[in-house]
Structure formats: C-alpha cells, structure tokens
Amino acid sequence: MTPTRRTFSKYLYASSFAALVARVNCDASPEGSGAEPWWKTAILYQIYPRSFQDTNGDGMGDFPGMTSRLRYLQDLGVNAVWITACFDSPNADNGYDVRDYRRIHPDFGTMDDFERFMAEAKSRKIRIILDMVFNHSSDEHEWFKQSRSSRTNPYRDFYFWRDGVNGKPPTNWPSFFGGSGWEYDKTTGQYYLHHYATKQPDLNWENPQVRKQLYAVLNFWAEKGVSGFRFDCIGEISKPLPFRDMTPAELKEDGMALRCSGARLDEYLKEMRAATNSYPDLYFVGEGWGMSRQEIVRATDDRNQELNSAFRFDFELQDITDGWRKLPWSLPNLREFNRDNAFEDNHHVWPIVFLEDHDFARSVSRFGSDRPEFQSRSAKLLATMLLALRGTPLIYQGEEIGMTNFPFRDVSQYDDIGVRNLWNDLVVTGKVSAADYLSNNALTSRDNSRTPMQWDESPNAGFTKAQKPWLAVNPNFHRINVQAESGQPDSVLSFYREMIRLRNSKSSLVFGSYRDISGKFPNIYAYVRADASGRTVVVLNFSNEAVNFQLPADIAVKKRLISNVSESQAELSNIIRMLPWQSAIFE
Ligand code: NOJ
Ligand code: CA
C-alpha cells in the first residue's frame, strides 16, 4: 500500500541448478527442478489491469487485452504475473474495495474472459497470482450491507462496530486517506472502523466466520488454476484489541506499527495456509507494509508455514513524508536496506525485490537520472540491481521500457483518492499552498505509475481506441514504447531481456550469498553474490560523474558478463573505471 497521508539457504549447487536453468531458458517454464519451489526462480511481473491493454474501446484495460499481451510477457522471460485488484468493485480505491470476491470486475470482462486468459497463460507457462484484499471489503459488499442494517444482524460482527465517546469517534485513529478512521452510521447509531477510505470497512478477523469465508475465496480461485496470492496490507488483519487512542508519536506515522501489532497475525496466517493445503504450491506474498522486520521474519520464515515472502517498504518510504511530500533519497540507505533485505542472518526467509508498484512513482524518475543522456542508461542500471539481488524480482508494467513519471500540473489530472482527499484537507483549508502540494505530488503520486502502458506510437500509445483513456497517457510515448524498443538492441527493453537471461543462467545471482563491497565510494553501490558455482560482482555507479572504483583486496574480476555501456571497461588491476550511471556485472 501506500500511505497517502504520512510517512512512514538455501544454496542450490551448480549441477542441479543447470537443469533448472535449462528449463527456465528453453521453455520459459516457471517450474523449478523440484529441489526448490517455483517462485524462487521466477521472474514476476505486475499488471495494473486498468492501464495495461484495452480491447473494447471503453478506455480501460481488460482481460482480453491482457490475454493478447501474454506473448509479449513470455518473450520478456516472465514466469508469473500478479494481476492487481481485479474483482467487482465500486472503485472507491481502484478495486481495493471489493464488492464480490468471486466476480471479475465487469470493467475487465467476464469469468469466461478470465478463464480464457488463464488457459492462454498456462499454454505459455506463465503462472497467475491474484490480489486478495482481505483487511477490508467495500461498503457495498453484501456482508457489509447486512452488517450495517441492524445491531443484531448475523453479519454485524463481520466488521468492527463501536459506540462513540461523547459524540466523537471511539478512538482518535485517522484514516490513511484523510479524516477519521471511524465513520458514524446513523442506521444503528454506531461507528465502523476503516483504516482506508470510508468505503473500505475493516473486516473483523476475530470472527471465525469471516476467516472461513475468506479462505473459501482462496480455494475458489485456486480451483480455477491460479498459482498464488498477493495479500493486501496483511499486517493489519489482526487488530490490537481493545482499541485505544494512538499516542502523539504513533499518530506521526498514522499508527502504522500499532495497526500491525495485533496478537493473532501468525495464528491467522498459519490457519489460512492450512485451509488451502490442497494446493501446496501456492505462493503467498504479503504486502508487509507497516510490519517490522521481526514480524516479517516470523510471517515468512519457511519453517512457520505462513507466507512465502513479503514486500517491505522501509526503503520505499524514506523519500516520502506526510504521504505526499518528496524528500531526497539516499544511496547509503538503499545499500543498507538491500543488505538487510538479503536476510543473510536467516536464509529461511526468501525476500521479494521491487523498485516500483502501482503505489509509487516511477523508479527511473525517482532513483535514476533526469539528464536526457542518462535516462535510459539509469533505467538499465536499476534493472541490473533489481535482477541481481537475492529474492524474487518483481517488474512492474512499463518499468521494463523505462516509463517515467507523468508531467502532472493540476489536481484535476489526478484520479487517486488519496491525492484528492488530501487536496481537500490541506489545500482547500489553506494549510498548504496549491503550488507546494502540486509540485510534490508530481514527484510522489502513485498515479505516476498508473498511466497507460505505452505499446507503440499510435494514438494513446496503442493502449486504447477510445478518444480518452481513464487516465492520460504520458506524452513521452513517442520515444518510450514497446514497439520502438523491441527493435533497438540498446533499448531498456532489450536490456531487461538480456538481464533476465543472465539471471537465469547464473545460480549465484538467484541463490548466492550477498556481500556489500561498496567501501568508501559514496556514489558506488557494489556487491558480490556467491555460491558453490562461483562468484558474480555487481557494480553500479549512481552518479553523473565517472568513478574509478577500487575492489576490495580479496576480490578480483576476470570477465564482464553484462553492462549498460557497450564500450569495454577500463581496468587497472583491481580498479574499475565506471562511467556515469554505468552498471556492470563481472565474474
Ligand atoms: C495497498 C494497495 O496496494 C493500495 O493501492 C491500496 O490503496 C491499499 N492497500 C488499501 O487497500
Ligand atoms: Ca476495456
């Protein structure tokens, strides 16, 4: 998730790996050798369905559109696709407010369209992962309609209802999307809890009936052949009861840690896993937003039978404050986070690695260079890093062609509920100037990553035949698009393809240990991945200046395996000359 308010081993040896790599390379099979689960060697790709490919001209992406692009994903080397929130929803938060967990959103098509998509994905050996939004439902879900109808309705306890205190909400909890986290409902004279929008009431997992219904939803989709689930804000499902006010310190971070401190999280996750044990290969990846490292370790250590991995936001949230204000990011913090996220202290934890998703601005605009001569090079540098870390890499749609932030100028250009609500809370009330709010949101808003996929140079980038897509296409689509980049050997897209091939051919890049060797070079990020088959050395220059990087005394490199700069590398014994924004991997 993203706050829109405030901030916040196994080693596989060379021989068995060769068999596995051969399969991954030859038929792009997501299946492992049997020695390791499929999701450890997979390249994961996230589709934001609304913005991927429209086929019926309504300006919104759909399942037939996704089906038509599976070949593209197969060619890229993708083994599994996470379909972002795609169930029936009134779209208060673009699908993260589910009205019916067993129905495909009519905007995206029918169940038949979904099934055709599944069949085509299967024939291309691409696994499908669905988004499960189980912390809350829509207020238009049948359960909530029943729940709010009377205090004695059997569904009353599917949600959290409390009396107010002296005419005020039960506690001071804010919502992440602005305003109070409790909404008064006059039908029964009580308040219900919503961590997010008022149209997203929190489900009460204390109630065994709620859990039973949700687990049945997982089995329903597993039966249709999906291979895993991404669990939305999973750390929040167990509430810290009884509810109490947040302290001023807790309020500063919107009570993120408090909301994730419920005592029963591990119990629920174990129960959920056990409830789906007819499908032992399912990949469970949680959105670990708000969870501490310790909580993540507990929930993902493979001995605990809970989740397989969890997205961590420790680094992603460092350059955003108040949910919208941009702060500078720092390379030492990135290095530190990646070290921490490699879990060298516990290889029973398998991380997921990502730079972008639908909740953050575009990574090249954020961490790369703005200088036109370095834009594509820095996108490739980020690809090098993403695909050479320990953990399953996630590519977010458009990242593989170097899509950038959108040139937002006006609040009317935004769709995001968070941006619009905070505009009312902050700008309309005069607390923040419009110029300040807009210039920061242009850099931080999650709508930056939600603009339509750029396929070609035709109108609206080949995304839709409609005059107007649901969100405007980035005007740079003439330069940055799949078709143009497919034909260029030095494009960002071609680089991704090459990097994926390299990762699949080097067991050290997938399973190897991790050691940071950046030393005292402030603009260099360098690390070694090593396993029994050998050692790979990754060197990244995060600056507009060339750097002579000195390797530590115990490391020597023999051969360059890949680089985003084609000229050969100047090497003087153990000093490597890195050009601006150059990335390179050596063995
Ligand atoms: C996380 C999702 O990624 C985000 O888009 C959504 O707004 C929140 N969770 C609430 O469901
Ligand atoms: Ca459509």
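We're numbering straight along the sequence, starting at 1.
In this structure a side-chain-to-backbone donor-acceptor pair under 3.5 Å is present from D245 to N172. Counting only distance, with no hydrogens or angles, the side chain of N405 and the backbone of A361 share no donor-acceptor pair below 3.5 Å. Distance alone, capped at 3.5 Å, places no donor-acceptor pair between the E316 side chain and the F313 backbone. No donor-acceptor distance shorter than 3.5 angstrom exists from the side chain of S138 to the backbone of R99, with no hydrogens or angles considered. A donor-acceptor distance shorter than 3.5 angstrom exists from the side chain of N448 to the backbone of F406, with no hydrogens or angles considered. Between the side chain of N460 and the main chain of G462, no donor-acceptor pair closer than 3.5 Å is present. A donor-acceptor pair under 3.5 Å is formed between the side chain of N346 and the backbone N or O of H348. For the pair Q413 (side chain) and L471 (backbone), a donor-acceptor distance under 3.5 Å is absent. Of the possible polar contacts, none joining the N304 side chain to the E306 backbone as a donor-acceptor pair under 3.5 Å is found. With hydrogens and angles disregarded, a donor-acceptor distance shorter than 3.5 Å links the side chain of S175 to the backbone of Y196.
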Verify side-chain contact (heavy atoms from CB on, under 4.5 Å) between Y192 and F160, making sure each step is shown before the conclusion. CA-CA 5 Å; Y192 66 85; F160 293 100; over 6 Å; no
Could you go through T451 and N474, starting from their C-alpha distance and side-chain angles, then the distance that decides it, and tell me whether this counts as side chain to side chain donor-acceptor pair (under 3.5 Å)? CA-CA 7 Å; T451 64; N474 194 313; 5.2 Å; no
List the steps, then state whether side-chain contact (heavy atoms from CB on, under 4.5 Å) holds for V226 with W221. CA-CA 6 Å; V226 313; W221 291 104; 4.1 Å; yes
Apply the test salt bridge (Lys or Arg N to Asp or Glu O under 4.0 Å) to residues D357 and R446: give CA-CA distance (whole Å), side-chain angles for both, the deciding distance (0.1 Å), then the verdict. CA-CA 9 Å; D357 69 15; R446 48 189 197 166; over 6 Å; no
List the steps and the verdict of side-chain contact (heavy atoms from CB on, under 4.5 Å) for Y159 and L193. CA-CA 8 Å; Y159 298 86; L193 177 72; over 6 Å; no
Show the numbers, then the answer: is there a side chain to side chain donor-acceptor pair (under 3.5 Å) between E400 and Y72? CA-CA 12 Å; E400 78 280 15; Y72 163 73; 2.7 Å; yes
Under the side-chain contact (heavy atoms from CB on, under 4.5 Å) criterion, do M246 and W173 qualify, and how do the steps go? CA-CA 6 Å; M246 289 182 188; W173 289 26; 3.5 Å; yes
Salt bridge (Lys or Arg N to Asp or Glu O under 4.0 Å) between D100 and R102: does it pass, once the steps are laid out? CA-CA 6 Å; D100 184 345; R102 293 167 193 242; 5.8 Å; no
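Tested against W161 for a ring pair (Phe, Tyr, Trp, His ring centres under 6.0 Å), the candidates W182, F144, Y184, F243 yield a single pass: F144. Of the residues listed (Y101, F134, F87), the one engaging H141 in a ring pair (Phe, Tyr, Trp, His ring centres under 6.0 Å) is Y101, and it is the only one. Of the residues listed (H358, Q397, R50), the one engaging T84 in a side-chain contact (heavy atoms from CB on, under 4.5 Å) is H358, and it is the only one. Under the side chain to side chain donor-acceptor pair (under 3.5 Å) test applied with W350, the options D302, N308, T392, T300 reduce to a single match, T392. The salt bridge (charged side-chain N to carboxylate O under 4.0 Å, His left out) test with R293 singles out one residue from D301, D340, D314, and that residue is D340.
With respect to E140 and K145, no salt bridge is recorded, no charged nitrogen being found less than 4.0 Å from a carboxylate O. With respect to the salt-bridge test (charged N to carboxylate O, under 4.0 angstrom), the residues D54 and K465 do not qualify. Checked for salt-bridge contact, D415 and R450 miss the test: no charged N lies under 4.0 Å from a carboxylate O. A salt bridge does not link K431 to D425: none of the charged nitrogens lies less than 4.0 Å from a carboxylate oxygen. Using a cutoff of 4.0 Å between basic side-chain nitrogens and carboxylate oxygens, R264 and E267 are scored as salt-bridged.
Proximity of F63 to H105: side-chain heavy atoms (C-beta onward) are nowhere separated by under 4.5 Å. Side chains of F176 and W289 form a contact here, defined as non-hydrogen atoms less than 4.5 Å apart. Counting heavy atoms from C-beta on, the side chains of N441 and F408 never come closer than 4.5 Å. Side-chain contact between I47 and L73 is present, with at least one heavy-atom pair separated by less than 4.5 Å. Counting heavy atoms from C-beta outward, D131 and W82 have side chains that approach closer than 4.5 Å. By the 4.5 Å heavy-atom criterion applied to side chains, W39 and R127 are not counted as neighbours. Contact of the P154 side chain with the Q146 side chain is not registered, since no non-hydrogen atoms from C-beta on lie closer than 4.5 Å. A 4.5 Å side-chain heavy-atom check between L203 and N135 finds every atom pair outside the cut-off.
Side chain to side chain, S51 and W470 meet the donor-acceptor criterion of an N or O pair below 3.5 Å. Side-chain polar atoms of N79 and Y45 form no donor-acceptor pair below 3.5 angstrom. With 3.5 Å as the limit, one finds a donor-acceptor pair spanning the side chains of T110 and D113. Side-chain N/O atoms of S412 and D410 include a donor and acceptor closer than 3.5 Å. Checked by atom type, the side-chain pair D93/Q200 shows a donor-acceptor distance below 3.5 Å. Side-chain atoms of Q213 and Q209 include no donor-acceptor pair closer than 3.5 Å. Between the side chains of N91 and D97, no donor-acceptor pair is found at a separation under 3.5 Å. For S363 and E356, the side-chain atoms include at least one donor-acceptor pair closer than 3.5 Å. No side-chain N or O of E142 forms a donor-acceptor pair with one of Y155 less than 3.5 Å apart.
A cation-pi geometry, defined here as NZ or CZ lying under 6.0 Å from the six-membered ring centre and within 45° of its normal, does not hold between R230 and Y283. Judged by a 6.0 Å distance limit and a 45° cone about the ring axis, R162 is not positioned over the six-membered ring of Y191. Both tests hold for R69 against W455: distance to the six-membered ring centre under 6.0 Å, angle to the ring axis within 45°. Because its NZ or CZ atom is both nearer than 6.0 Å to the ring centre of F284 and within 45° of the ring axis, R273 counts as a cation-pi partner of that residue. K270 forms no cation-pi arrangement with Y268, by the criterion of a distance under 6.0 Å to the ring centre and an angle within 45° of the ring axis.
For the atom pair NZ of K168 and OG of S180, the computed distance is 11.0 Å after rounding to the nearest 0.5 Å.
Across all non-hydrogen atoms, the minimal contact from G398 to M453 is N-SD, 3.6 Å. Of all heavy-atom pairs between M111 and K224, the closest is CE-CE, 3.5 Å. When all heavy atoms of S449 and D359 are compared, the pair lying nearest together is OG-N, 4.2 Å. Closest approach of A257 and E253 over heavy atoms only: N-OE2, 3.1 Å.
In the displayed structure, K326 atom NZ is contacted under 6.0 Å by more than 12 heavy atoms of other residues, nucleotides or ligands.
Ring-plane geometry between F315 and F367 is classed as tilted, the angle between the planes lying from 30 to 60 degrees on a 0 to 90 degree scale.
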